[in-house]
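This report concerns only the one structure given below.
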Amino acid sequence: MVMRVSTVAFEGIEARMVDVQVQISPGNVVFMIVGLPDKAVAESRERVRSALIASGLALPAKRITVNLAPADLPKEGSHYDLPIALGVMAAIGAIPADALNGFTVLGELALDGSITPVAGVLPAAMAANERQHGLICPEACGQEAAWASSDIEILAPRSLIQLANHFKGTQVLKRPELGIVPASGSLPDLRDIKGQESAKRTLEIAAAGSHNLLMNGPPGAGKSMLAQRLPSILPPLMPRELLEISMIQSVAGLLADGALSNRRPFRAPHHSASMAALVGGGLNARPGEASLAHNGVLFLDELPEFQPQVLDSLRQPLEAGEILIARANHRVTYPARFQLVAAMNPCRCGQATEPGYVCRRQPSERCIAQYQARLSGPLIDRIDLVIDVPAVTAADMILPPPLEGSADVATRVARARQVQEKRYAALKLEGITTNAACPPALLEEVAKPDSDGLSLIRDAANAMRLSARAFHRVLKVGRTLADLDGEERVRRIHVAEALSYRSQADRRSAAA
Ligand SMILES: Nc1ncnc2c1ncn2[C@@H]1O[C@H](COP(=O)(O)OP(=O)(O)O)[C@@H](O)[C@H]1O
Ligand SMILES: [Mg+2]
């Protein structure tokens, strides 16, 4: 007889149903796994055998065949141990044959029969819930699974024995509680920053509309400091966003103790990062930093120091909000709607824009041009806000700390975000909640400036030779400025301010 157990295979954050079929038949004593298993799955044989022996169950001296169907879908990872072991247990009568009906199972086994945590439990629980299955997963992942739905049945045993006892009715497992890690520890506050009022204002606009931001200034001006304070003014996560983020973290195996975090992601990879680390891929097509920053911030400090190809690989996700990784036998997409925040020095020595400074290496202009040529024009074109952050003056440094801190700014940002959410919900735009993500076709409707604003943007577009994309970016920023002011229409002052963030970018791409 063939025992069947349902489990999943991951394709991006999607969990595909996989059927584990176990057959025990007379013949040579072998234990075989077929159905495109990778190395970890093939090794599962040894773990299953040892775990069953440790649980007091000897494998029958017969031929055991395990088939993972559909056979053409690659199976990766160690979470097939538990479904295979349970299939064998059902086949030898250690648990009732029908006990596993209506359950999706995933988990890794240790040699002593305990069940160890695996990645991807949340997406697996969502998939199980969709087909009205319960879920059997490791104890440590139970909390995470409980997020899928409030009425999905979850069994989160610590060991094979505990699960067998549950099915026998001698030790009933209880449903795990929902877990959420409250934002612990305080974030760095904007109040620490003296002076830099215009940079702080830009940070607020970036947070309000989820706009991409590039800060350019000499070393020590406080660029990294400003970027690190962005999380303290970002709006709270909506439940749907929280779930999306958690799915990615779950697949990446980053959910600590199965509890979700209600903080927006802030990822700051080092400039030596490889393309696979940034956009994902490599062995098992794991999500990269860009996907882990979904619904949050990707902060690239010292932008020109990143390899140019690595930076250019961000162009497509910046536009599409997702990353497609094509592999030899299948494709994987990960969501990647992140806010790009970048900081850079104007040149290699860093001082070229300081008044009165003469570059030691060569004429300052050449030093600047060479350094900035490392950034491609199309990448800069995707950044809505480009600002110069000048060095803080001594006069600013001796000022008392500013009165306004992150909490005040966060309130204004949250208000502006609510306006945007309402607007895009009314337009029935699935998944779009910010001005930055507004599709160009719709922009001319929602961000149409009043007649004064229109004439200004028309003149400026000619004079500054704005590209079509740049034109749309000005409209997006203008919309955010109006939202921050609580205004229905985008007015001339909003357009003027939005244009001011653009002129820097155009100077920069002209230099590049
Ligand atoms: N506006 C400021 N207010 C207070 N301290 C500042 C300010 N700007 C810079 N600093 C100090 O200078 C240090 C370096 O700032 P940092 O953000 O690393 O500069 P950058 O990234 O621009 O090179 C900070 O750790 C902070 O102590
Ligand atoms: Mg820095």
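Atom set for the values below is all heavy atoms of this structure, side chains included, hydrogens, waters and symmetry mates excluded. Residues take their numbers from the sequence shown, with the count starting at 1. Each ligand, and each atom within it, is numbered from 1 in the order the structure gives.
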Heavy atoms under 4.0 Å from ligand 1: which residues qualify? Asp192, Ile193, Lys194, Gln196, Pro218, Pro219, Gly220, Ala221, Gly222, Lys223, Ser224, Met225, Val392, Met397
Does Arg423 CZ have over 12 foreign heavy atoms under 6.0 Å away?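 Count over threshold, so yes.
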Without hydrogens or angle criteria, can the side chains of Thr434 and Ser210 be said to hold a donor-acceptor pair below 3.5 Å?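 No, no side-chain donor-acceptor pair sits under 3.5 Å.
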In terms of side-chain heavy atoms, does Glu305 have a donor or acceptor partner in Tyr371 at a distance below 3.5 Å? yes
Is there side-chain contact between [X] and [Y], with at least one heavy-atom pair below 4.5 Å?
{"X": "Val341", "Y": "Leu298", "answer": "no"}
{"X": "Met225", "Y": "Gln196", "answer": "no"}
{"X": "Thr202", "Y": "Leu213", "answer": "yes"}

With sequence neighbours excluded, residues passing ring pair (Phe, Tyr, Trp, His ring centres under 6.0 Å) with Phe306: none
Is the Phe10 to His79 ring centre distance short of 6.0 Å?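 Ring centroids of Phe10 and His79 are less than 6.0 Å from each other.
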Going by atom type alone, with no hydrogens or angles, which donor-acceptor pairs under 3.5 Å involve a side-chain atom of residues 391-399 and a protein atom two or more places apart or on another chain?
unit_1: Thr393; atom_1: OG1; unit_2: Asp396; atom_2: N; d: 3.2
unit_1: Thr393; atom_1: OG1; unit_2: Asp396; atom_2: OD2; d: 3.4

Sub-2.8 Å protein N, O or S atoms surrounding the Mg ion (ligand 2):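 Only Ser224 OG fall inside 2.8 Å of the Mg ion (ligand 2).
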